[in-house]
Amino acid sequence: MAERNAIEPTRAQNYPEWYQQVIRSADLAELSPVRGCMVIKPWGYGIWENMQRNLDEMFKATGHRNAYFPLFIPLSFIQKEAEHVEGFAKECAVVTHHRLQAAADGRLVPAGELEEPLVVRPTSETIIGAMYAKWVQSYRDLPLLLNQWANIVRWEMRTRIFLRTTEFLWQEGHTAHAGEAEAREETARMLRVYADFAEQYMAMPVIPGRKTDAERFPGAVETYSIEAMMQDGKALQAGTSHFLGQNFARASGIKFLDQDGAEKYAWTTSWGVSTRLIGGLIMTHGDDNGLMLPPRLAPTHVVILPVIHKDDTRARVLEYCGALAAELRRTPYDGRPLSVEIDDRDLRGGEKTWSWIKKGVPVRLEIGPRDIAAGVVSMTRRDLDARERRAVPRAEIAGGIAGILDEIQANLLQRARDFRAAHTREINTRDEFYDFFKGSQDKLAGFVMAHWAGDPAVEQKLREELAVTVRCIPLAGPEEPGACPFTGAASPRRVVFARAY
RNA sequence: CGGGGCGUAGCGCAGUCUGGUAGCGCGACAGCUUUGGGAGCUGUAAGUCGUGGGUUCAAAUCCCACCGCCCCGACCA
């Protein structure tokens with residue numbers, strides 16, 4: 001039988017279209033009637049819930065607590081920090097009225113104009129800062145370590161589902177500290193949390209690093225990010241952690257009386273990841289048959305597919321499957337009970353199987369009369385070829401499943417690491433650099449590790465000529481003095497260059 | 001906001017130039033035959049042709065206005 005891919009076009013044929021088709025085929029989300037806004041469907045939201053739960057535990061383990069702040073921010077608040085307003089003004093949605101009334105022609109029109117317009121939060125530094133200013137009076141009130149899970153709105157010009165939508169879901173941590181060193185430690189700590197989450201849960205290797213001035217968060221002193229490589233070689237900024245210095249504390253008046261009796265401004269940080277991570281998951285692990293989920297984030301770990309041909313075996317097969325499901329659901333995996341689904345929809349076997357392949361469920365168990373008779377279960381894994389079916393003794397399933405899921409998790413991370421390694425090059429000359437990136441934007445290039453002496457003119461030029469930017473200045477790895485391939489200026493270390501989402 | 005394109009069934013499109021009363025593919029639904037790699041046959045349902053106005057015996061088609069969407073550029077988790 002001829003090979004057929006579940007997703008058309010393939011990644012190699014048209015990567016952006018492939019991405020859309022995976023989302024559609026896996027039933028993750030779809031665009032809504034509202035411009036640039038998506039509806040996240042149960043399978044996609046299930047992934048987000050798992051991301052939330054695990055991140056939330058990590059935040060709590062590092063001393064943070066959750067709170068919730070308003071969706072609306074008075075326009076004047078946004079203006080308090082000069083760089084901040086400049087960075088976000090263009091993408092703010094603004095509420096100017098509070099009431100609708102019927103006009104002469106019967107159409108509803110906004111009636112009550114607000115005295116002060118409200119901005120729909122594009123990020124919450126300013127509104128949270130206003131509250132922190134009230135809450136922080138003494139050094140005893142610090143540190144203040146809060147996080148919120150929220151939706152935010154950024155009126156982007158061009159949107160892409162999960163990667164850049166007008167409204168998206170995220171978490172934003174906001175902390176205030178008495179001293180600079182402590183705030184810097186917090187910034188670094190949360191970047192490490194993100195890197196751990198990306199690698200250990202998403203199986204997505206990342207490079208933690210510092211952003212250049214050109215890519216810094218508006219109003220921050222330093223921005224750090226984790227950068228991941230997608231399968232088209234482009235970089236995805238997957239999470240950011242900002243050291244805000246005293247900029248926002250000054251703007252919002254977060255002051256405290258220190259132990260020495262002096263009044264001081266607090267030092268603040270903020271950090272966030274969003275539903276963009278789901279886009280990263282798709283583009284890190286998906287293949288030409290659809291989504292491939294790392295077990296630790298899969299809404300369903302195991303799907304049981306009863307093979308029913310005739311009515312006389314139906315009851316027996318379903319009962320057998322039900323008993324296996326019950327046993328598996330008592331089996332722990334990653335600190336929680338295994339999530340198991342029985343798919344008894346009245347569909348043809350192939351159609352049913354492929355729907356789960358496209359959804360990326362880690363393990364499929366097919367059970368029919370033949371298996372029952374032989375005392376086995378036919379197991380297939382999403383990370384292996386769809387034809388690679390293994391007969392596993394029924395008695396060994398529950399005991400072995402956690403190990404298999406761990407193996408899949410490890411396998412996905414290793415593959416992603418290998419892919420990144422295969423598409424990362426150290427480059428030392430201008431010509432080599434241009435050759436690497438030259439050509440179509442869609443060309444699979446990858447990451448270049450090259451020297452850069454911090455000259456913004458070089459960044460600007462590469463951005464214009466190749467659409468390539470410095471993704472980050474890696475925190476790890478060796479200091480290796482060298483020279484910028486473009487200017488010859490001395491550089492202390494290599495940085496990551498790539499095209500980016 | 002500037003340049004280009006497009007609005008016809010759930011989705012993808014033809015029909016518009018040359019006005020004549022709405023069509024194809026996929027999907028959906030139903031029945032039968034199938035069934036351990038995503039099926040076949042038969043049948044059914046589904047559209048105020050983006051909105052408003054104009055021309056005409058007659059408008060998806062021509063004219064005007066408006067609305068919306070997509071692509072390219074600036075912006076971006």
**Item:** Nucleotide forming a Watson-Crick or wobble pair with B:rA60, both distances under 3.5 Å
**Value:** none

**Request:** Using a heavy-atom cut-off of under 4.0 Å over every strand shown, decide if A:P306 touches base, sugar-phosphate, or nothing.
**Result:** nothing

**Prompt:** Which nucleotide, in any strand shown, forms a Watson-Crick or G-U wobble pair with B:rC6, with both distances under 3.5 Å?
**Reply:** B:rG68

**Mate of B:rA77 where both pairing distances stay under 3.5 Å, Watson-Crick or G-U** = none

**Message:** Using a 4.0 Å heavy-atom cut-off, does A:E91 contact any base of the nucleic acid, only the sugar-phosphate backbone, or nothing at all?
**Reply:** sugar-phosphate

**Request:** Between A:T165 and A:I7, name the one whose nearest nucleotide on RNA chain B is closer to the 5' end.
**Result:** A:I7

**Item:** Protein-nucleotide distance (A:E366, atom CD; B:rG38, atom P), rounded to Å
**Value:** 12 Å

**Request:** Find the partner of B:rA39: check Watson-Crick (N1-N3 plus N6-O4 or O6-N4) and G-U wobble (N1-O2, O6-N3) distances, both under 3.5 Å, and reply none if neither fits.
**Result:** B:rU33

**Request:** Nearest-nucleotide wise, let me know which of A:L347 and A:R216 is further upstream toward the 5' end of RNA chain B.
**Result:** A:L347

**Pair of N/O donor and acceptor under 3.5 Å linking B:rG38 base with A:T353 side chain** = no

**Asked** Heavy atoms under 4.0 Å, any strand shown: does A:G368 hit a base, just sugar-phosphate, or nothing?
**Response** base

**Prompt:** Can you tell me how far C1' of B:rC1 sits from CD of A:E156, to the nearest Å?
**Reply:** 16 Å

**Prompt:** Quantified in whole Å, what is the C1' atom distance between nucleotide B:rG27 and nucleotide B:rG38?
**Reply:** 15 Å

**Request:** Pick the P atom in B:rC49 and in B:rU44, then give their distance to the nearest Å.
**Result:** 24 Å

**Prompt:** Hey, is A:F168 stacking on B:rA77? Ring centres under 5.5 Å, planes under 30°.
**Reply:** yes

**Asked** Taking the inter-plane angle between the rings of A:W356 and A:W43 on a 0 to 90° scale, is it parallel (under 30°), tilted (30 to 60°) or perpendicular (over 60°)?
**Response** perpendicular

**Message:** Would you measure the distance from the C1' atom in B:rU56 across to the matching atom in B:rC63 and give it in whole Å?
**Reply:** 12 Å

**Prompt:** Is there a side chain to side chain donor-acceptor pair (under 3.5 Å) between A:H242 and A:T223 once you walk through the steps?
**Reply:** CA-CA 4 Å; A:H242 312 292; A:T223 287; 2.8 Å; yes

**With A:Q231, the side chain to side chain contact (heavy atoms under 4.5 Å, CB included) member among A:H423, A:R11, A:R420** = A:R11

**Item:** Nearest-angstrom distance, P atom, B:rU51 to B:rA59
**Value:** 15 Å

**Message:** Which nucleotide, if any, forms a Watson-Crick or G-U wobble pair with B:rG27, using both distances under 3.5 Å?
**Reply:** none

**Message:** Using atom C1' in both nucleotides, what's the gap between B:rA46 and B:rU8 to the nearest angstrom?
**Reply:** 14 Å

**Message:** Could you check whether any side-chain N or O of A:R296 sits under 3.5 Å from a backbone N or O of A:N50, counting only pairs where one atom can act as donor and the other as acceptor?
**Reply:** no

**Item:** Opposite nucleotide pairing with B:rU16, Watson-Crick or G-U, both atom distances under 3.5 Å
**Value:** none

**Any side-chain heavy-atom pair of A:Q21 and A:R24 under 4.5 Å** = yes

**Request:** Tell me whether the OP1 or OP2 atom of B:rA39 has a side-chain N or O from A:R348 closer than 4.0 Å.
**Result:** no

**Request:** Sticking with atom P, work out how far B:rA45 lies from B:rA22, rounded to a whole angstrom.
**Result:** 15 Å

